[in-house]
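Only this structure's heavy atoms are used, side chains among them; waters, hydrogens and symmetry mates stay out. First the proteins, then the strands, lettered A, B, ... as listed; each starts at 1.
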There are 2 protein chains.
Amino acid sequence: MQKIGLKTAEIEKKTHLDFFNIAISVDCVIFGYENKKLKVLLIKSDLKEFEGLWSLLGDLVRPDEDMEEAPYRVLRERTGLQNVFLEQVHTFGRLNRHPSGRVITTAYYSLVDTKSHAIQLTENELHWHNINDIEKLAFDHKLILNTCLNRLREQVMEHPIVFNLLSEKFSLRELQDLYEAILGVELDRRNFRKRIMLKNWLVDLNEMEEDVPHRPGKLYKLRSQLKKNNRPNVDRLMSL
Amino acid sequence: MQKIGLKTAEIEKKTHLDFFNIAISVDCVIFGYENKKLKVLLIKSDLKEFEGLWSLLGDLVRPDEDMEEAPYRVLRERTGLQNVFLEQVHTFGRLNRHPSGRVITTAYYSLVDTKSHAIQLTENELHWHNINDIEKLAFDHKLILNTCLNRLREQVMEHPIVFNLLSEKFSLRELQDLYEAILGVELDRRNFRKRIMLKNWLVDLNEMEEDVPHRPGKLYKLRSQLKKNNRPNVDRLMSL
DNA sequence: GCAAAAGTGTTTCACATACACCCATGC
DNA sequence: GCATGGGTGTATGTGAAACACTTTTGC
């Protein structure tokens, strides 16, 4: 330790640099759905401080990319997925939230189809975890996860987004199971169907489920106008 | 310009520093209410690039403060206001959104009582502007303002927050005028009263308006349990 | 024929909306 | 007494919620 009062140029410089030495990262809460369970994609933390704990996928924002681009890059680099649904949720900037320095992070949530062949879990440090089985995560990632899950729950009945978690064709029962997994409640089948049909989100494909050990249900898909990609349209907002 | 290939240590260092040289700021959309108009507090931009334009109040996040603290500090330093309502809305990180370097900014909106004696517009560069009269702002602040205004409009019927814009005692007519100013629509008086009473947010003070040139209205105040301060309770979220 | 899930309709309640008249006060 | 806004009730429509029986298929 250096004594106080001996403020060298080196220290002066360090102090000054410190002021600008806040790094910014993005963290992605990547939701998936399988076996009637809502899942989240996590990676083993590589930090000694969090040995054995799982963490969200994230990375520092690069100096030459728009911040909105960073979570798309993270998903592309880590899972191979492109054109996914992503939405910014909240920015977390508690002092000491990161053990190796001052890092402020912006959280995004993503909805992906786990059956997509594009998804590469090759690194083998990536795993899907049941939302309900998650106890402790590295950093403040449990808080981030909870915040994103709450946001997802708020959005799900208002906007046609859950379809990003399903294959293109699905039955109403599958859709209802998905809503139940997200919201964590049971829903009445008749009321659910009425409500979902009223929104006019679905197209009846005039096809039936196959290879099910019971009466097959009708198949639907999302109305194609609603499949807009999610990247924010800045021009539109500017003109408001 | 230096030729490529001649990468000096100086350049190496600069490149490396660049990577971490993203500054983070907070910008506050401070809403007020006066003369039946929703207002926002703006400051004359001191940047040559934005000469003559107004901008939001903001500042860099300090290396030794929680990010959530920064907007409270900005309000305290610039207006003298404390214990205000503040809510984080969105983080904006477009490349080149700031002319003097890479700055990512987190936007907060605040609701303050313009009649509060604490508020100091002393610097005289601060002025309240009617929301509807704002055309162009410095940086991407028009986008930030629109985003915050949309968020405010989403929140007002769900949460008892608009009371931060009013004095402690108010009549239902004042409250309705305020809602109309925020939402930009006219409301039916009878239906508005029923709806607001149903929420059980108000306490009848058994007092009447005074010095009004017409039949005085009853005065109400916000139920005191709802006057919770707005600072996020991290512990509660962590335990979810 | 049986197990398993698909499909469907009615009633009730809460809340949103549309709408018009009398009342209390200051001047 | 008149101008100004305060205060109130009813009828109608829409969506949410509760609730049970018949149908179709694979086995």
Side-chain angles (χ1 to χ4, degrees), chain A residues 33-37 153-160 162 166-167 169-221, chain B residues 33-37 153-160 162-163 166-221:
Chain A
Y33 175 66
E34 216 166 26
N35 282 60
K36 306 194 180 188
K37 302 278 187 198
R153 286 175 172 163
E154 286 166 17
Q155 303 270 314
V156 120
M157 290 311 298
E158 313 297 325
H159 305 282
V162 297
L166 289 177
S167 326
K169 304 177 179 185
F170 49 85
S171 67
L172 288 180
R173 160 58 65 183
E174 286 177 279
L175 188 60
Q176 183 178 341
D177 284 341
L178 172 53
Y179 271 98
E180 290 177 346
I182 291 173
L183 298 173
V185 296
E186 290 205 349
L187 302 171
D188 178 86
R189 191 160 81 247
R190 283 164 294 187
N191 293 336
F192 174 78
R193 284 163 186 242
K194 270 180 289 186
R195 198 146 42 122
I196 214 77
M197 286 311 188
L198 211 56
K199 293 191 190 295
N200 206 25
W201 288 346
L202 302 185
V203 179
D204 185 342
L205 287 168
N206 288 313
E207 291 179 54
M208 292 295 188
E209 286 180 302
E210 284 172 21
D211 302 321
V212 287
H214 54 75
R215 173 174 173 182
K218 291 171 93 171
L219 291 176
Y220 296 82
K221 70 181 177 83
Chain B
Y33 175 66
E34 217 166 23
N35 283 62
K36 305 193 179 186
K37 303 277 186 198
R153 286 176 172 162
E154 287 167 17
Q155 304 270 312
V156 279
M157 290 313 296
E158 313 297 324
H159 306 283
V162 300
F163 307 97
L166 290 176
S167 325
E168 193 181 352
K169 303 176 178 187
F170 49 85
S171 67
L172 289 179
R173 160 57 68 182
E174 287 175 280
L175 189 58
Q176 183 179 340
D177 284 342
L178 172 54
Y179 270 99
E180 289 178 348
I182 291 172
L183 297 172
V185 295
E186 290 203 348
L187 302 171
D188 178 86
R189 191 160 82 249
R190 284 165 294 188
N191 293 335
F192 175 77
R193 284 164 186 243
K194 269 179 292 185
R195 197 146 43 122
I196 214 78
M197 286 312 188
L198 211 57
K199 292 191 189 293
N200 207 24
W201 288 346
L202 302 185
V203 179
D204 186 341
L205 287 169
N206 289 314
E207 292 179 56
M208 291 294 187
E209 286 181 300
E210 286 172 21
D211 302 321
V212 287
H214 55 75
R215 172 175 173 183
K218 291 172 92 169
L219 292 177
Y220 296 82
K221 71 180 177 82

Provide, to the nearest angstrom, the distance between the [atom1] atom belonging to [X] and the [atom2] atom belonging to [N].
{"X": "B/D177", "N": "D/dG5", "atom1": "CG", "atom2": "C1'", "value": "11 Å"}
{"X": "A/N191", "N": "C/dT8", "atom1": "CG", "atom2": "C1'", "value": "12 Å"}
{"X": "A/H214", "N": "D/dC27", "atom1": "NE2", "atom2": "P", "value": "11 Å"}
{"X": "B/L219", "N": "D/dG5", "atom1": "CG", "atom2": "C1'", "value": "15 Å"}
{"X": "A/M197", "N": "C/dA6", "atom1": "CE", "atom2": "P", "value": "13 Å"}
{"X": "A/D211", "N": "C/dA5", "atom1": "CG", "atom2": "P", "value": "16 Å"}
{"X": "A/L187", "N": "C/dG7", "atom1": "CG", "atom2": "P", "value": "17 Å"}
{"X": "A/Q176", "N": "C/dA6", "atom1": "CD", "atom2": "P", "value": "9 Å"}

side-chain contact (heavy atoms from CB on, under 4.5 Å) between A/M197 and A/L172: does it pass, once the steps are laid out? CA-CA 10 Å; A/M197 286 311 188; A/L172 288 180; 3.7 Å; yes
Taking every heavy atom of B/V156 against every heavy atom of B/W201, the minimum-distance pair comes out as O-CH2, 3.9 Å
Does B/R190 place a side-chain N or O at less than 4.0 Å from the phosphate oxygens OP1/OP2 of C/dC19? no
So, is A/R215 near the phosphate of C/dA4, with a side-chain N or O under 4.0 Å from OP1 or OP2? no
For A/L205 and A/Y220, run side-chain contact (heavy atoms from CB on, under 4.5 Å): C-alpha distance rounded to whole Å, both residues' side-chain angles, the deciding distance at 0.1 Å, then the answer. CA-CA 5 Å; A/L205 287 168; A/Y220 296 82; 5.6 Å; no
With B/D204 as partner, the option from B/K218, B/K169, B/K221 fulfilling salt bridge (charged side-chain N to carboxylate O under 4.0 Å, His left out) is B/K218
Under the 3.5 Å rule, do the base of C/dT8 and the side chain of A/K218 count as making a donor-acceptor pair? no
Ignoring hydrogens and angles, does a donor from either the side chain of A/R193 or the base of C/dG7 sit under 3.5 Å from an acceptor on the other? no
B/L166 side, atom CG; B/Y33 side, atom OH - distance, nearest 0.5 Å: 7.0 Å
Nearest heavy atom decides the nucleotide; on that basis, is B/R189 or B/L198 closer to the 5' end of DNA chain C? B/L198
With nearest nucleotide decided by heavy atoms, which residue, B/R195 or A/L172, maps closer to the 5′ end of DNA chain C? A/L172
